[in-house]
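One structure is given here, and the rest of the page talks about it.
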Protein chains: 2
Amino acid sequence: MKHTACKISEAEWQVMKVLWEKSPLTATQIIGCLKPETQWNPKTIHTLIARLVKKEALAVNKDRNLFQYYPLVSKEECMREETKSFLHKVYDGSIHLLVANFVKNESLSPQEIDRLRKLLDEKIN
Amino acid sequence: MKHTACKISEAEWQVMKVLWEKSPLTATQIIGCLKPETQWNPKTIHTLIARLVKKEALAVNKDRNLFQYYPLVSKEECMREETKSFLHKVYDGSIHLLVANFVKNESLSPQEIDRLRKLLDEKIN
DNA sequence: TACTTTGGACTACATCTGTAGGAAGGAGCC
DNA sequence: GGCTCCTTCCTACAGATGTAGTCCAAAGTA
């Protein structure tokens, strides 16, 4: 698994998500998975796939005329990268600020708060 | 304060941050503030300011030849917008997943974890 | 075997972003 | 008052992104 800090765009993320969920898949299968959620033209999805291959976020298995795509970068890795740059950009790198903002804005349900506390509690112990 | 869902780019955020910190400021002052942190050419900063004005994220006070810029959108508003779209893109909208990932990856110091717990505790009570 | 169909490769194009140069007008210096 | 300089406005330009069309070869079909 490569440790590329490749920038994956908004639209490309959706393609990656499909393949992180299940791979390898053919372009047609990917298009099938994305059809319900997006209104993208199949051509658009082909373009996104091609760009991801070029970025080395995806690779392709060419077996005769069967092209199957699979991720070269892990979801966790990408999430970490994205989170880091997002936190840096918006919250000066402080996850505390982010959560604080969430809490302040009432964007968290009591259940969510409780679940988060449990999560942190587990970590402590 | 307008409720625009204007997309503020990475570089533009830095300009906004300066003005959220203190405003109004002249372009020269903004450039002065950004000089230490960035290696940007003053021209570049002028461009960013102009774009933000066009996006209606900033406004300008023209007093003769004194141009002073100030934010039209609140920092909180922008943070919320950014956070929402980021969470949606990467974590399917779940802040729980984000924090969980942080916790799992040891990206949080025990102090941070403790602070977060306190934050949540306050909210509960 | 010639025709159609299907999917990948390449091309297109507007917009956004990062990065900056050039023109033009007012303010200060000589 | 003219020249210079600072600052704003307009222009530039390459790379990324969203969105999609065209071309071509391989595979199936008649």
Side-chain angles (χ1 to χ4, degrees), chain A residues 4-19 24-35 37-70 78 81-82 85-86 88-90, chain B residues 4-19 24-35 37-70 78 81-82 85-86 88-90:
Chain A
T4 20
C6 55
K7 293 274 277 179
I8 296 174
S9 82
E10 182 85 28
E12 288 162 359
W13 259 86
Q14 300 216 48
V15 175
M16 291 305 291
K17 277 186 187 171
V18 169
L19 285 159
L25 294 179
T26 65
T28 313
Q29 290 172 317
I30 297 172
I31 291 167
C33 291
L34 288 171
K35 207 70 189 189
E37 1 183 344
T38 71
Q39 301 308 309
W40 294 336
N41 183 302
K43 293 296 186 185
T44 302
I45 298 175
H46 273 294
T47 301
L48 294 173
I49 293 172
R51 284 183 186 162
L52 285 166
V53 170
K54 186 167 171 199
K55 285 182 186 182
E56 296 182 280
L58 292 183
V60 60
N61 231 332
K62 302 186 190 189
D63 181 14
R64 293 160 179 286
N65 61 323
L66 179 69
F67 285 57
Q68 289 189 309
Y69 299 92
Y70 59 92
C78 289
E81 285 297 327
E82 285 286 339
S85 82
F86 163 75
H88 176 258
K89 165 172 141 190
V90 178
Chain B
T4 20
C6 55
K7 292 275 280 179
I8 295 173
S9 82
E10 182 85 27
E12 289 161 0
W13 259 87
Q14 300 216 49
V15 174
M16 291 305 290
K17 277 185 186 171
V18 169
L19 285 159
L25 294 178
T26 66
T28 314
Q29 290 171 314
I30 296 171
I31 291 167
C33 291
L34 288 171
K35 206 72 189 188
E37 1 183 343
T38 72
Q39 302 307 308
W40 294 337
N41 183 301
K43 293 292 190 186
T44 302
I45 298 174
H46 274 295
T47 301
L48 295 173
I49 293 171
R51 285 183 186 164
L52 286 166
V53 170
K54 186 168 173 200
K55 285 183 186 180
E56 297 183 280
L58 293 183
V60 61
N61 231 331
K62 302 185 190 190
D63 182 14
R64 292 164 182 286
N65 61 324
L66 179 68
F67 286 57
Q68 289 189 309
Y69 299 90
Y70 59 92
C78 289
E81 284 297 326
E82 284 286 339
S85 82
F86 163 75
H88 176 260
K89 165 173 140 190
V90 177

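Throughout, a chain's letter reflects where its sequence line sits, starting with A, and its residues are numbered from 1. What you see is a predicted model, and the numbers here were worked out from it, not measured in a lab.
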Quiz item: Do any side-chain nitrogens or oxygens of Thr28(A) fall under 4.0 Å of OP1 or OP2 in dT6(C)?
Solution: no
Quiz item: Over how many whole Å does the gap from Asp63(B) atom CG to dA27(C) atom P extend?
Solution: 12 Å
Quiz item: Is a donor-acceptor pair below 3.5 Å formed from side chain Arg51(B) to base dT11(D), judging by atom type as modelled?
Solution: no
Quiz item: What is the distance from CD of Glu10(A) to P of dT19(D), rounded to the nearest Å?
Solution: 10 Å
Quiz item: Separation of Ile45(A) atom CD1 from dT17(D) atom C1', in whole Å?
Solution: 16 Å
Practice problem: Compare side-chain N and O positions of Trp40(A) against OP1 and OP2 of dG18(D) and report whether any pair is under 4.0 Å apart. | Solution: no
Quiz item: Between Ile30(A) (CD1) and dT6(C) (P), how many Å, whole number?
Solution: 19 Å
Exercise. Measure from the side-chain N and O atoms of Glu37(A) to the backbone N and O of Leu34(A), and report whether any donor-acceptor pair falls under 3.5 Å.
Key: no
Quiz item: For Asn61(A) and dG8(C), what is the distance between atoms CG and P respectively, to the nearest whole Å?
Solution: 14 Å
Exercise. Looking at every strand, decide which applies to Lys62(A) at a 4.0 Å heavy-atom threshold: base, sugar-phosphate, or nothing.
Key: sugar-phosphate
Practice problem: Could you tell me the separation between the CD1 atom of Ile49(B) and the C1' atom of dT17(C), rounded to a whole number of Å? | Solution: 16 Å
Quiz item: Closest approach of Gln14(A) and Thr38(A), non-hydrogen atoms and distance?
Solution: OE1-CG2, 3.8 Å
Quiz item: Ile8(A) CD1 to dT17(D) C1': how many Å, rounded?
Solution: 14 Å
Quiz item: Roughly how many Å is it from NE2 in His46(A) to C1' in dA20(D), rounded to a whole number?
Solution: 12 Å
Quiz item: Does dG8(C) have OP1 or OP2 sitting under 4.0 Å from an N or O in the side chain of Asn65(A)?
Solution: no
Quiz prompt | Base of dT8(D) paired with side chain of Lys43(B) (donor-acceptor, under 3.5 Å) | solution = yes
Practice problem: Run the numbers on Trp40(B) and Leu48(B) for side-chain contact (heavy atoms from CB on, under 4.5 Å), then give the verdict. | Solution: CA-CA 11 Å; Trp40(B) 294 337; Leu48(B) 295 173; 3.8 Å; yes
Quiz item: How is Thr47(A) classified with respect to the nucleic acid when contacts are heavy atoms under 4.0 Å: base, sugar-phosphate, or nothing?
Solution: base
Exercise. Name the nucleic acid region contacted by Thr44(A), choosing base, sugar-phosphate or nothing; use a 4.0 angstrom heavy-atom cut-off, strictly under.
Key: base
Practice problem: Taking only the side-chain heavy atoms of Phe67(B) (C-beta and beyond), determine which of dG8(C), dC9(D), dT17(D) contains the nearest atom. | Solution: dC9(D)
Quiz item: Heavy atoms, side chains only, cut-off 4.5 Å: are Lys35(A) and Pro42(A) in contact?
Solution: yes
Self-check item: Options dT17(C), dG8(C), dT8(D), nucleotide nearest the side-chain atoms of Lys55(B)
Solution: dT17(C)
Self-check item: Side chain of Asn41(B) (C-beta onward), nearest among dG21(C), dT8(D), dA9(C)
Solution: dG21(C)
Practice problem: Compare side-chain N and O positions of Thr26(A) against OP1 and OP2 of dG7(C) and report whether any pair is under 4.0 Å apart. | Solution: no
Quiz item: So do Val18(B) and Cys33(B) actually touch side chain to side chain, heavy atoms under 4.5 Å?
Solution: yes
